Amino acid sequence: MQQLKPTYDKKCVCRVCKQSFTTKKLRSRFVKAADYDSDFCPNYSDESMNPLFYHINTCPHCGYSESEDFSPYFPPGALDMIHSKVASAWIPQDYCQDRSIIGAVNTYKLAIYCGTLKREKHIIMAGLHVRLAWLYRGMKNDDQEQRFLKFSLKEYVESYMSDDFKGSSISETRIFYLIGELSRRTHQSEQAVKYFSKVIELQSRSTEPKLIEMARERWYEMRQEQKTAAN
């Protein structure tokens with residue numbers, strides 16, 4: 001009997017150049033996270049079985065890159081911008097096969113560029129930036145990890161301020177927690193404490209007790225660190 005491969009081919013049609021292509025995705029039965037970091041970054045015992053590598057679909061014909069979370073809507077002028085800045089400059093590359101971490105990083109950068117030109121929602125852009133930061137964490141590249149955590153934090157704050165996370169899978173509790181945690185990780189302690197406190201304030205009406213508990217733990221750790229630093 002033929003052994004099942006971890007990846008399978010998914011058919012896609014590019015929203016920009018309208019050409020068809022197939023790209024690899026990871027079968028869910030092969031995805032086993034060993035544990036998660038405090039910002040929800042999944043850690044896999046077998047790094048090659050990381051579904052984050054395949055989160056972005058990159059058209060091999062024109063370079064347009066998006067995740068499944070992108071809206072099908074293009075604001076006026078956005079398609080022209082993508083044609084002129086991405087498609088016309090595209091040197092054909094194929095990210096449709098099994099991906100390395102470097103290949104995955106390149107697809108996220110393309111998707112961030114396309115998402116920016118397309119004026120995608122802040123909540124979507126925040127997710128792209130944080131996943132890219134996680135890939136850099138896997139590569140032990142602290143400078144780039146910090147850079148993209150800061151971009152992600154900015155997008156989460158914008159998303160909360162503009163309410164564009166409403167209707168997404170991210171709740172108010174989770175967005176407060178993420179703003180707190182990314183602030184903590186980028187050494188913005190005051191903002192971190194403020195947002196962890198906001199999470200704890202939601203405990204009576206939140207349906208996510210685990211997040212409340214995590215915010216409490218982080219808040220407590222930070223208070224202890226501040227006390228130690230003051231002594």
Side-chain angles (χ1 to χ4, degrees), residues 25-26 28 31-44 50-57 66-73 75 108 111-112 114-116 118-138 145-223:
K25 295 286 175 188
L26 207 51
S28 55
V31 177
K32 290 185 177 67
D35 56 29
Y36 292 86
D37 294 344
S38 54
D39 61 354
F40 310 119
C41 172
N43 297 302
Y44 298 97
N50 186 340
L52 289 176
F53 287 14
Y54 300 97
H55 186 66
I56 305 298
N57 302 332
E66 63 175 10
S67 73
E68 310 281 329
D69 307 321
F70 273 42
S71 149
Y73 171 71
Y108 278 91
I112 286 168
C114 291
T116 305
K118 188 175 176 292
R119 303 195 286 288
E120 202 50 70
K121 282 184 171 181
H122 295 296
I123 196 70
I124 304 298
M125 298 306 290
L128 292 179
H129 282 108
V130 81
R131 287 179 178 93
L132 182 49
W134 294 343
L135 291 182
Y136 278 120
R137 187 177 303 167
E145 181 195 338
Q146 280 288 312
R147 183 177 166 224
F148 286 101
L149 285 177
K150 283 174 186 160
F151 284 141
S152 180
L153 171 58
K154 182 173 174 289
E155 293 288 353
Y156 277 122
V157 171
E158 292 277 351
S159 176
Y160 170 61
M161 296 300 184
S162 65
D163 261 0
D164 84 358
F165 68 96
K166 298 278 169 74
S168 77
S169 60
I170 307 252
S171 64
E172 187 175 55
T173 312
R174 183 172 277 249
I175 205 166
F176 284 164
Y177 176 82
L178 280 164
I179 292 171
E181 177 58 15
L182 298 184
S183 300
R184 185 184 76 83
R185 284 178 176 267
T186 54
H187 315 295
Q188 299 171 62
S189 305
E190 272 183 35
Q191 180 165 279
V193 168
K194 176 181 150 187
Y195 277 90
F196 287 141
S197 301
K198 279 179 184 282
V199 177
I200 297 162
E201 282 162 21
L202 289 174
Q203 63 186 346
S204 60
R205 56 191 178 91
S206 173
T207 53
E208 296 165 287
K210 181 85 176 78
L211 281 178
I212 310 285
E213 193 50 44
M214 286 168 76
R216 270 217 182 86
E217 284 167 15
R218 300 288 92 70
W219 186 87
Y220 182 72
E221 281 165 17
M222 292 189 74
R223 300 303 291 193

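Atoms considered below: every heavy atom in the structure, side chains included; atoms not considered: hydrogens, waters and symmetry mates. Fair warning: this is a prediction, and the values are worked out from it, not measured in the lab.
Figure legend: R174 and F40 shown as a cation-pi pair, the cationic atom lying under 6.0 angstrom from the six-membered ring centre and within 45 degrees of its axis. For the pair K154 and F151, the cation-pi criterion (under 6.0 Å, within 45° of the ring axis) is not fulfilled.
Atom NZ of K121 and atom CD of E155 lie 13.5 Å apart (nearest 0.5 Å). Atom OG of residue S169 and atom CD1 of residue I123 lie 8.0 Å apart, to the nearest 0.5 angstrom.
When all heavy atoms of A33 and P42 are compared, the pair lying nearest together is CB-CB, 4.3 Å. The two residues S38 and Y177 come nearest to each other via the heavy atoms O-OH, 2.7 Å. Between S67 and H55 the shortest heavy-atom distance is CB-NE2, 3.5 Å. For the pair I112 and M125, the tightest heavy-atom approach, listed with the atom from each and the gap, is O-CE, 3.3 Å. Here the shortest heavy-atom pairing between I56 and L128 reads CD1-CD2, 3.6 Å. Here the closest heavy-atom approach between residue A111 and residue F70 is recorded as O-CZ, 3.6 Å.
For N50 (side chain) and L52 (main-chain N/O), a donor-acceptor pair under 3.5 Å exists by modelled atom type. When atom types are taken as modelled, the side chain of S152 and the backbone of F148 share no donor-acceptor pair closer than 3.5 angstrom.
Using a 4.0 Å cut-off between charged nitrogen and carboxylate oxygen, K198 and E201 do not count as a salt-bridge pair. Taking 4.0 Å as the cut-off between side-chain N and carboxylate O, R185 and E181 count as a salt-bridged pair.
Residue-environment remark: OH (Y220) stays at or below the threshold of 12 foreign heavy atoms within 6.0 Å.
Under the 4.5 Å side-chain criterion, counting only non-hydrogen atoms from C-beta, K118 is in contact with S71.
Aromatic pair F176/Y160: centroids less than 6.0 angstrom apart.
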